[in-house]
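Worksheet: one structure, shown below.
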Protein chains: 2
Amino acid sequence: MSFQERKKKILMILDEFEALSVMEISRKLSISPATVRRDLQDLSEEGLLQRTHGGAMKLDNLPFVAFHKKQTANTESKQEIGKLAAAQVVDGDTIFMDCGSTVFAMCAHLKKLNKLKVITNSLPIVAELIDTPGIGINLIGGELDKERRAVHGDMAVQHIDTYHVSKAFVGVDGISLQNGLTAHSEKEAQITKAFLKNAEQVYLLTDSSKIGKDAYVKFGTLKSIHFLITDAQLTGPLKKKIEQEGVRVLQ
Amino acid sequence: MSFQERKKKILMILDEFEALSVMEISRKLSISPATVRRDLQDLSEEGLLQRTHGGAMKLDNLPFVAFHKKQTANTESKQEIGKLAAAQVVDGDTIFMDCGSTVFAMCAHLKKLNKLKVITNSLPIVAELIDTPGIGINLIGGELDKERRAVHGDMAVQHIDTYHVSKAFVGVDGISLQNGLTAHSEKEAQITKAFLKNAEQVYLLTDSSKIGKDAYVKFGTLKSIHFLITDAQLTGPLKKKIEQEGVRVLQ
DNA sequence: CTACATTTGATCAAAAATAATCATTATTAA
DNA sequence: TTAATAATGATTATTTTTGATCAAATGTAG
């Protein structure tokens, strides 16, 4: 039995039982305790279970932790961007929050606010903020994109259109002077577009690696955003040109 | 049992009882008082409970209890009801799933189905089913009830009204011949009512303890449901009378 | 305030689990 | 096929956890 198979099986039986000991897993899968420990360590490092002394436990809100793959890409620069973005929010605000890891990074820095209303289509954001007393959440309804852990589709867009908020915090897959805002997926573009349309101030959060890059779905121009929050890498003529389009750059 | 497991269990029983002595915890979890003290100290340092002389007290603003509490109340009878309800679902169905622990219990038994579409307002259900390949999920949008981990409110009702499905699986807080279906909360009643309205077949899931009891919000008659799925405790004249109202009882 | 009982925190030894090491087996590449 | 590589299981030293003991601290009753 390969590691991938064992990994799957371990997660499956762990889904059924809350907690398992190394020996139990060893017996159930007929593999040695040493291998079980190695597997558990790997799975734990991937964030798929909680390692304990003697075994492993199911993770509570694992299902909503979307970024299994991207989690590694959760760099300091994203945290910085998230912090800066969160600083734009004040008590009593109502904001849109798009899905994506950069916008998600805002969450940690929003928790001290009061009377904040967050409208989002992202389950990880919901999971992160649901137990914060000062924050109320409205969830966009519609079809669930399991991969992205977010709601999308026509119904979601219609739903977003029933709201009007002061600030929207959105992400992109690409932004350039030539093609404006671009995304890898039409569904995602559709949602972000709806956020842009119904917010007075639009904050685009992206690390500098995406600036100057294009994805294949064009969904907005630079004029449709008001602030670009990014890392210190963006400098020189490109920054100037973006600012000339009427975008305020925050770094 | 590892520290992580004990920690969870201590918080769970502490949520049920307001305060506990070291000896009570020691007996309940079959661990020595010394270990209990160590655990309580750790938990206290994490700010998850208030240490007292001789034991510990529950903290008011403890955030994540609601979730686990329901899971604790996951009795065998609920599991049986969930299983029986899940057996009514076939490949290709589109179903409504209400929030509540009894309906939640269906999830474990739905995982082998294919091309199933689940429309729900309950985050625990979404979390449980999101990684099941054969199941697609539509999330009802609207205001999030943090306590119940579900979406409710007018927007949610409007959203539900845009769907029409073959089967709805709903829960109640009370059901009786005199007052029909009742709930503890208007918001919850509103949602369940919307589910009833837009489904061809309505399955009401409840353990027998709620049959014959009333909650204060009346939201439907016995005629508005088609099936009652419950445990074996429901017998005799009451069962007869419910069946005379046109409800098929499944046990 | 004192005496008594209970609880606690510290220390320690026993038990359990782990990480590290190494030989063996299985898999892959050449 | 053979060599090289990776994965597995067994062994052992180390670490962690646990429960017990006991002096000190805290709370309670008289």
Side-chain angles (χ1 to χ4, degrees), chain A residues 1-62 65 68-74, chain B residues 1-65 67-68 71-72 131:
Chain A
M1 189 170 19
S2 71
F3 170 63
Q4 284 81 357
E5 287 174 71
R6 292 199 311 269
K7 173 174 155 174
K8 254 191 195 166
K9 287 196 179 180
I10 289 175
L11 289 175
M12 268 168 58
I13 55 176
L14 199 62
D15 190 51
E16 194 177 345
F17 306 88
E18 279 293 299
L20 286 167
S21 74
V22 170
M23 285 310 292
E24 283 172 324
I25 298 171
S26 166
R27 274 197 299 273
K28 275 181 200 290
L29 303 188
S30 304
I31 49 179
S32 75
T35 305
V36 173
R37 291 202 179 91
R38 274 187 281 252
D39 288 352
L40 291 183
Q41 186 175 6
D42 284 349
L43 288 167
S44 168
E45 278 167 11
E46 288 178 58
L48 297 171
L49 52 75
Q50 160 89 53
R51 188 75 169 85
T52 68
H53 258 250
M57 267 176 67
K58 198 170 158 182
L59 232 41
D60 291 337
N61 49 355
L62 169 64
V65 180
H68 295 169
K69 301 150 202 163
K70 292 189 182 174
Q71 213 165 25
T72 35
N74 212 355
Chain B
M1 191 174 13
S2 69
F3 168 64
Q4 288 90 337
E5 287 173 71
R6 293 198 310 269
K7 172 174 154 174
K8 245 194 194 173
K9 290 195 178 173
I10 289 175
L11 289 175
M12 263 158 52
I13 56 175
L14 198 64
D15 186 57
E16 191 176 346
F17 309 88
E18 285 292 300
L20 286 166
S21 75
V22 170
M23 283 311 292
E24 283 172 323
I25 297 172
S26 167
R27 272 196 301 274
K28 274 182 201 289
L29 303 187
S30 304
I31 50 178
S32 75
T35 305
V36 173
R37 292 204 178 89
R38 271 187 284 252
D39 288 351
L40 291 183
Q41 185 175 3
D42 283 347
L43 288 166
S44 167
E45 278 167 10
E46 289 179 55
L48 296 170
L49 52 75
Q50 171 72 52
R51 189 77 168 81
T52 64
H53 279 261
M57 269 175 60
K58 184 179 163 184
L59 277 177
D60 299 333
N61 54 347
L62 198 57
F64 59 87
V65 281
F67 220 40
H68 296 299
Q71 279 175 350
T72 332
D131 285 320

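Chain A is the first sequence line, chain B the second, and so forth, proteins listed ahead of strands; every chain is numbered from 1.
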Rounded off to whole Å, could you give me the [atom1]-to-[atom2] distance for the [X] and [N] pair?
X	N	atom1	atom2	result
B:R27	D:dG19	CZ	P	16 Å
A:D42	D:dA7	CG	C1'	12 Å
A:M23	C:dA15	CE	P	18 Å
B:F3	C:dA16	CZ	C1'	18 Å
A:I25	D:dG9	CD1	P	14 Å
A:I31	C:dT24	CD1	P	22 Å
B:D39	D:dT17	CG	P	11 Å
A:R37	D:dA13	CZ	C1'	14 Å

Does [X] make a side-chain N or O approach to OP1 or OP2 of [N] shorter than 4.0 Å?
X	N	value
A:T35	D:dG9	yes
B:R38	C:dA10	no
B:H53	D:dT26	no
B:R6	D:dT17	no

Point to revise | Student check: side-chain heavy atoms of B:L14 and B:L43 closer than 4.5 Å | key: no
Point to revise | Flag side-chain contact, heavy atom, 4.5 Å: B:L29 against B:D39 | key: no
Indicate, with a heavy-atom threshold strictly under 4.0 Å, whether [X] touches base, sugar-phosphate, or nothing.
X	answer
B:T52	sugar-phosphate
A:S2	nothing
B:M1	sugar-phosphate

Check your understanding: Taking the side chain of B:A34 as heavy atoms from C-beta outward, which of D:dG9, C:dT8, D:dG19 is closest to it?
Key -> D:dG19
Practice item. Measure from the side-chain heavy atoms of B:V22 and tell me the nearest of D:dA10, C:dT18, C:dT8. Key: C:dT8
For the backbone of [Y] and the side chain of [X], can you confirm whether one donor and one acceptor N or O come within less than 3.5 Å of each other?
X	Y	result
B:S26	B:I31	yes
B:K58	B:E18	no
A:R37	A:V22	no

